[in-house]
Trainee: 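Can you read through this structure? Questions will come right after.
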Amino acid sequence: MEKTVNTICPYCGVGCGLAVKVRDGKIISVRGDKDHASTLGGICQKGAQVDQIVATPNRLASAQLRHSRGEPFEHTTVDAALTHVADKFKQIIRTHGRDSVGFYISGQLTTETQYVFNKLAKGALGTNNIDANSRLCMASAASAYKLALGADGPPTCYDDLDTAECFLILGANMAECHPVLWQRIKRRLARKRVRVIVVDPRRTPTVDAAHLHLQVKPGTDVALLNAILHVLITQRWTNETFIRNHTENWEALRDVAENWTPARAAKVCGVSELDIHRAAFWFGNSAESLSLWAMGANQSTSGVAKNLALINLHLATGKIGRPGSGPFSLTGQPNAMGGREVGYMSGGLPGYRDVTNTDDRATVAKIWGVPPRRIQPQPGLDAVRMFEALERGELKAIWICGCNPVATMPNCDQVARALRRAELVVVQDCYAPTETTPFADVLLPGAMNLEIAGTMTNSERRISLLQPCVPPPGDALPDWEIVTRFAAKLGFEELFSYTSAQDIFEEHKLCCAGNPALDFSGITYARLKRHAVQWPAPNTRGQGVARRYRQKKFFTKSGRANFHPVEFAPPQDLLTAEKPFALTTGRLANQWHSRTKTGHVAKLVQSNPAPFAAIHPDDAARLELADGDEIELASARGVARTSVKLDDTILSGTVFVPFHWGQSHRVDGCINTLTNGAGDPVSHQPELKFSAVSLVKIARHEPESELCDAATA
Ligand SMILES: Nc1nc2c(c(=O)[nH]1)N[C@H]1C(S)=C(S)[C@@H](COP(=O)(O)OP(=O)(O)OC[C@H]3O[C@@H](n4cnc5c(=O)[nH]c(N)nc54)[C@H](O)[C@@H]3O)O[C@H]1N2
Ligand SMILES: Nc1nc2c(c(=O)[nH]1)N[C@H]1C(S)=C(S)[C@@H](COP(=O)(O)OP(=O)(O)OC[C@H]3O[C@@H](n4cnc5c(=O)[nH]c(N)nc54)[C@H](O)[C@@H]3O)O[C@H]1N2
Ligand code: SF4
Ligand SMILES: [Mo]
């Protein structure tokens, strides 16, 4: 039998709709879903080959358990594994209290799975020690939106890409990381007035299409953005009416901007004064300006400040809440947005609510059917602190779902030490082995996206329904079901008596009701089966609301948007004579994070076959390094080895290493051994984009030996 199932791509936050053709329980073709309103059939290489990540040899198809870490895993039933974990949890909590356990979950899970994990931790067990990989990803953006506009969530939508005249792309390599949106911007380039400005220390493929590349020194964006504001003010390109009627705190911001002359910023950022003027001219004088940003802004000890400085530009010019204008944070994972809606980081509650807010706790506790005091009033441990507490022995048990922290957390040797120290490590994944599974006591088999029902929210706040295309392998189960079965074993079956993902979604909706910042009221599974819906969705008709803040009413107490004067602060690591290079890390077009998915897709591997350190030829000449030489990079945290790639697209003094290859590719090759866990003071998002490092050659590249290997292989 043949059928076509509509679902969405399991990779990035663009959330492309997929039409998956299935015959006799097997996927026979995947194409973009022309009827999906967000992407209209658009799809990239990764999405097009998604059929190849379902039945890979590394799928985890059964639960595995061992009683001591030295022993091999034994296959067992999910039920037996969960009984074992429940007994351990009870014993640990009895001895050490409810805050001795923690959960580290993911923006790659459905909203329903994120919801039940959050409820299990905060509502049933009564610990706020639950955090997500969004801490490494979107935390700074979420904090800044809340501070400036009074609520999380972007004001903008993808249609804005078709009407903007000026694109300010900062710390985002859209050509490789959000390719379908990038194609849409490229189509816009045919228009005469359209201008693209890219701020990035590297001349990425995104820069190839830009009119202006501001090749800033890593970490200096706040100085640049304050200087752009300075020019907007001195040239009177600001919107006084908007500022007067719809904002607060302008005077304080103006005082800060006054000191950031383009001359001063040019020195700090390493760009020309003229280019700062040019960027300000285009941003201020284009009819509509859209800014787009991602990890080059967020993964920084001044991540929130960078976000606020960008939002300040929109508020100062009134370029928000109109077609083609607004601050548009690009979401990384397919459902990091859903996670934020569910409040899956350590301080959140479902419905954009906060554990620190008494009314929010009361509202959610009532829906959950638990006493209000069950939910603790302080945020729990964030991801970095969770692994620190684990290493210190304060946290005893950790349950990891949908993350591979041993390869992807900053300072990952610390993470490995922490897991070794833990009394209980549970890893719930769709694939094994990963870099994290060797540290586990119990492995639980999650079904992957193409095998499950559930919802995910993409970068433009559009909720899509995932529909199962094929059955999961072996004993693998939808992640939410593993959680609810576990909760029942702890005695919470009444709180988790859902029979489907849809039941969970309906309960989540109750938590959103009454919060005007997150209106889901018109969304039902029945409607989502017909088409994806963008929130706010106050009624049951149409596709939802494309743009927020059209009435210029914000979710702050006063209803006005807040200017936040932000000062430039350098990254935490200091460049020294011993460690003179700025290491930055990031992504390549055809690999996904630690490669558990993409590492088995031949075409993707072919185009990004191996790790490297990109080094400017001038730096290489000084260090007498040639292409392919083996080098050792060292930071204050650790060392890693890889090979040199001469690359004149990178700023001299800066080194770029993609973080896709973890310890399983090469034991001493994981770049996160070097990266910095120091976090932004507000968002606690770690500084993955800046480490001071040394480079030392350890072996010369010998092409002959490779030939020998190939000949004998
Ligand atoms: N192919 C692919 N696509 C992906 C992913 C993937 O793994 N592979 N992952 C998804 C996820 S989860 C995310 S979060 C997104 C990330 O998407 P992006 O943020 O676009 O990707 P990155 O490569 O992490 O970083 C973007 C750029 O920031 C620059 N940068 C570094 N430091 C600075 C700085 O101080 N200032 C500025 N202005 N720029 C700086 C880097 O040179 C890099 O080009 O991608 C998503 N899409
Ligand atoms: N140096 C450096 N490090 C970084 C970054 C960087 O730019 N530089 N970026 C950071 C960012 S933005 C992010 S988002 C993180 C990503 O960090 P991680 O999320 O830890 O990376 P992944 O490799 O995507 O790991 C996801 C794991 O979950 C599994 N998985 C995938 N889907 C499912 C599912 O549906 N169910 C279950 N149970 N398991 C699933 C995968 O097999 C994989 O093992 O990396 C961060 N780390
Ligand atoms: S752009 Fe992102 S969501 Fe779309 S097909 Fe590519 S990886 Fe998937
Ligand atoms: Mo991310």
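Computed over heavy atoms, backbone and side chain alike; hydrogens, waters and symmetry mates excluded. A quick note: this is a predicted structure, and the numbers were derived from the prediction, not measured. Numbering of residues begins at 1 and proceeds along the displayed sequence. When a ligand or atom number is given, it counts from 1 through the structure's own listing order.
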Trainee: What are the atoms of ligand 2, with element, lying closer than 4.0 Å to any heavy atom of Gln333?
Mentor: 14 (S)

Trainee: Relative to atom 13 (C) of ligand 1, which among Pro179, Pro658, Gly332, Gly13 owns the nearest non-hydrogen atom?
Mentor: Gly332

Trainee: Would you say Arg202 has any N or O atom under 3.5 Å from an N or O of ligand 1, going by distance alone?
Mentor: yes

Trainee: Give the atom numbers and elements of ligand 2 that come within less than 4.0 Å of a heavy atom of Trp592.
Mentor: 24 (O)

Trainee: Under 3.5 Å, is there a donor on one side chain and an acceptor on the other for Gln685 and Ser300?
Mentor: no

Trainee: Can you tell me if Leu588 contacts ligand 1 (heavy atom of the residue under 4.0 Å from the ligand)?
Mentor: yes

Trainee: Could you tell me the residue and atom name of the protein heavy atom closest to atom 32 (N) of ligand 1, and the distance to it rounded to 0.1 Å?
Mentor: Thr584 OG1, 3.5 Å

Trainee: If you take the nearest heavy atom of each of Thr408, Ile400, Asn335, which one is closest to atom 18 (P) of ligand 2?
Mentor: Thr408

Trainee: Would Lys217 count as a contact residue for ligand 1, given that I'm defining contact as a non-hydrogen atom of the residue lying under 4.0 Å from a ligand atom?
Mentor: no

Trainee: Quick one: does Gln108 get an N or O within less than 3.5 Å of an N or O on ligand 2?
Mentor: yes

Trainee: Out of Arg587, Arg59, Met295, whose heavy atom is nearest to atom 11 (C) of ligand 2?
Mentor: Arg587

Trainee: Tell me whether Asp200 has any N or O atom under 3.5 angstrom from an N or O of ligand 1.
Mentor: yes

Trainee: Counting non-hydrogen protein atoms only, what is the nearest one to atom 14 (S) of ligand 1? Give residue, atom name and distance.
Mentor: Cys137 SG, 3.3 Å

Trainee: Is the closest heavy-atom distance from Lys597 to ligand 2 below 4.0 Å?
Mentor: yes

Trainee: List the closest protein heavy-atom neighbour of atom 8 (N) of ligand 1: residue, atom name, distance to the nearest 0.1 Å.
Mentor: Gln591 O, 2.6 Å

Trainee: Pull out every atom of ligand 2 sitting under 4.0 Å from any heavy atom of Asp479, numbered as shown with elements.
Mentor: 34 (C), 35 (O), 36 (N), 37 (C), 38 (N)

Trainee: Tell me, please: is His660 in heavy-atom contact with ligand 1, that is, under 4.0 Å?
Mentor: yes

Trainee: Counting heavy atoms only, which of Ile8, Val180, Val30 is nearest atom 1 (S) of ligand 3?
Mentor: Val180

Trainee: Check ligand 3 against Gly47 and write out every atom of the ligand that is under 4.0 Å from a heavy-atom position of the residue.
Mentor: 5 (S)

Trainee: Does any N, O or S atom of His178, backbone or side chain, fall under 2.8 Å from atom 4 (Fe) of ligand 3?
Mentor: no

Trainee: Please answer whether the main-chain N or O of Thr331 pairs with a side-chain N or O of Ser459 as donor and acceptor at a distance below 3.5 Å.
Mentor: yes

Trainee: Look at ligand 2 and say whether Cys430 reaches it with a heavy atom at a distance under 4.0 Å.
Mentor: yes

Trainee: Closer than 4.0 Å to some heavy atom of Gly15 - which atoms of ligand 3 meet that?
Mentor: 3 (S)

Trainee: Which protein non-hydrogen atom lies closest to atom 3 (N) of ligand 1, naming both residue and atom, and how far is it?
Mentor: Cys177 CA, 3.4 Å

Trainee: Mark up the atoms of ligand 2 that fall under 4.0 Å of a heavy atom belonging to Gln299, in ascending order.
Mentor: 5 (C), 6 (C), 7 (O), 9 (N), 10 (C), 11 (C), 12 (S)

Trainee: For atom 28 (O) of ligand 1, grab the closest protein heavy atom and report residue, atom and distance to one decimal in Å.
Mentor: Gly296 CA, 3.5 Å

Trainee: Between Cys9 and ligand 3, which part of the residue brings a heavy atom under 4.0 Å of the ligand: side chain, backbone, both or neither?
Mentor: side chain

Trainee: Under 4.0 Å from any heavy atom of Asn133, which atoms of ligand 2 are there?
Mentor: 18 (P), 19 (O)

Trainee: Taking 2.8 Å as the cut-off, does Cys44 contribute an N, O or S atom near atom 2 (Fe) of ligand 3, distance below it?
Mentor: no

Trainee: Under 3.5 Å, side chain of Thr220 to main-chain N/O of Lys217, donor-acceptor pair present?
Mentor: yes

Trainee: Among all protein heavy atoms, pick out the one at the shortest distance from atom 38 (N) of ligand 1; state its residue, atom name and that distance to 0.1 Å.
Mentor: Asp221 OD2, 2.7 Å

Trainee: Between Thr675, Thr596, Thr673, which one has a non-hydrogen atom sitting closest to atom 41 (C) of ligand 2?
Mentor: Thr596

Trainee: If you measure every N/O of Arg595 against every N/O of ligand 2, is any gap under 3.5 Å?
Mentor: no

Trainee: Hey, is Lys46 one of the residues with a heavy atom under 4.0 angstrom from ligand 1?
Mentor: yes

Trainee: Kindly indicate whether a cation-pi arrangement holds for Arg59 with Tyr431, taking the cut-offs as under 6.0 Å to the six-membered ring centre and within 45° of the axis.
Mentor: yes

Trainee: List the closest protein heavy-atom neighbour of atom 26 (C) of ligand 1: residue, atom name, distance to the nearest 0.1 Å.
Mentor: Gly171 O, 3.5 Å

Trainee: Of all the non-hydrogen atoms in the protein, which one sits nearest to atom 20 (O) of ligand 1, and at what distance?
Mentor: Asn173 N, 2.7 Å

Trainee: Nearest to atom 30 (N) of ligand 1 by heavy atom, Pro205, Pro201, Ala614, Ser594: which?
Mentor: Pro201

Trainee: Is Asp573 salt-bridged to Arg637, going by a charged N under 4.0 Å from an acidic O?
Mentor: yes

Trainee: Go through ligand 3 atom by atom and flag the ones less than 4.0 Å from a non-hydrogen atom of Tyr11.
Mentor: 7 (S)

